[in-house]
Amino acid sequence: QQQVKQSPQSLIVQKGGIPIINCAYENTAFDYFPWYQQFPGKGPALLIAIRPDVSEKKEGRFTISFNKSAKQFSLHIMDSQPGDSATYFCAASRSNDYKLSFGAGTTVTVRA
Amino acid sequence: ETGVTQSPTHLIKTRGQQVTLRCSSQSGHNTVSWYQQALGQGPQFIFQYYREEENGRGNFPPRFSGLQFPNYSSELNVNALELDDSALYLCASSLVDLDGYTFGSGTRLTVV
């Protein structure tokens, strides 16, 4: 069964827009929530990660929002650029466990 | 640091054959995990090795097996290949925690 559900499957924004990707999880034992960026022909690369003790984390143009009670978290890409066009995966894990459960991915296209 | 390298990059095998995929972990990383990523899906955890011992396994049959060597390189072996085994196989390594989890670019396996 899929432990992390991700939506939407794909989205297209104009340069400067703010794509938002949402994820929901079921396992309350999860306490580590990373986002990965994957370009064609490459492996996933860690973008940003959050733990449940904070509700928001920003790194450059990327922001994670976390809602522990709703078991949901989301990624916002501020001032998106064509170079941000990629597939984004949310994931979840327990801190003492290297087994990541991934969402199905969102393909983001940023048009110039 | 040299990153995580995987070989070969592409491979075509016939149903019923056996295949060995190789991974060279990032320097100093003592934990390695393998994931299967089907086309258009998120990576699925196969298993993890720590200090040459299997340390966690996902929902994959026994014909998926692995090895980790003293130099922290690793192999994924798949016996009796099936058409559904066609996927991108990713290796990831880490030293201490999930923030340092680094993926290789993967091996694209096609079973015909």
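Residues B/Leu88 and A/Phe102 share a single hydrophobic cluster, defined by chaining ILVMFWY side chains whose heavy atoms lie under 4.5 Å apart. A/Tyr32 is not connected to A/Phe62 by any chain of hydrophobic side-chain contacts under 4.5 Å among Ile, Leu, Val, Met, Phe, Trp and Tyr, and they are in different clusters. Cluster membership check: A/Ile20 does not share its hydrophobic cluster with A/Ile50, using side-chain heavy-atom separations under 4.5 Å among Ile, Leu, Val, Met, Phe, Trp and Tyr. A/Trp35 and A/Leu11 fall within the same hydrophobic cluster, where Ile, Leu, Val, Met, Phe, Trp and Tyr residues are linked whenever their side-chain heavy atoms come under 4.5 Å apart, directly or through other members. Connection of B/Tyr72 to B/Trp34 is not established within any shared hydrophobic cluster, with ILVMFWY side chains joined at heavy-atom distances below 4.5 Å, either directly or through further cluster members.
Crowding of A/Arg61 atom CZ: a count of heavy atoms from other residues, nucleotides or ligands under 6.0 Å exceeding 12. Enclosure of atom CD in A/Gln81 by more than 12 non-hydrogen atoms of other residues, nucleotides or ligands within 6.0 angstrom is indicated. Within a 6.0 Å radius of CG in B/Leu83, other residues, nucleotides and ligands contribute more than 12 heavy atoms. Dense packing is recorded around CZ of B/Arg63, with more than 12 heavy atoms of other residues, nucleotides or ligands lying under 6.0 Å away.
Between chain B and the residues A/Gln9, A/Gln6, A/Gln38, the largest count of heavy-atom pairs under 4.5 Å involves A/Gln38. Between chain A and the options B/Cys91, B/Ser33, B/Ser105, heavy-atom pairs under 4.5 Å are most frequent for B/Ser105.
Proximity of a side-chain donor or acceptor of B/Tyr35 to a complementary backbone N or O of A/Leu100 within less than 3.5 Å is detected.
Residues of residues 43-61 of chain B placed with any heavy atom under 4.5 Å of a heavy atom in chain A are listed by number as B/Pro43, B/Phe45, B/Gln48.
Heavy atoms closer than 4.5 Å to chain B are found in the side chain of A/Ala49, but not in its backbone. Looking at A/Pro34, neither its backbone nor its side chain comes within 4.5 Å of chain B, counting heavy atoms on both sides.
Between B/Tyr101 atom OH and A/Tyr36 atom OH the span is 7.0 Å, to the nearest 0.5 Å.
The shortest non-hydrogen separation linking B/Leu90 to A/Pro44 is CD1-CD, 3.7 Å. Of all heavy-atom pairs between B/Gln37 and A/Phe89, the closest is NE2-CZ, 3.2 Å.
Under the ring pair (Phe, Tyr, Trp, His ring centres under 6.0 Å) criterion, A/Phe30 pairs with no residue, sequence neighbours left out.
Proximity of A/Leu46 to B/Phe103: side-chain heavy atoms (C-beta onward) are nowhere separated by under 4.5 Å.
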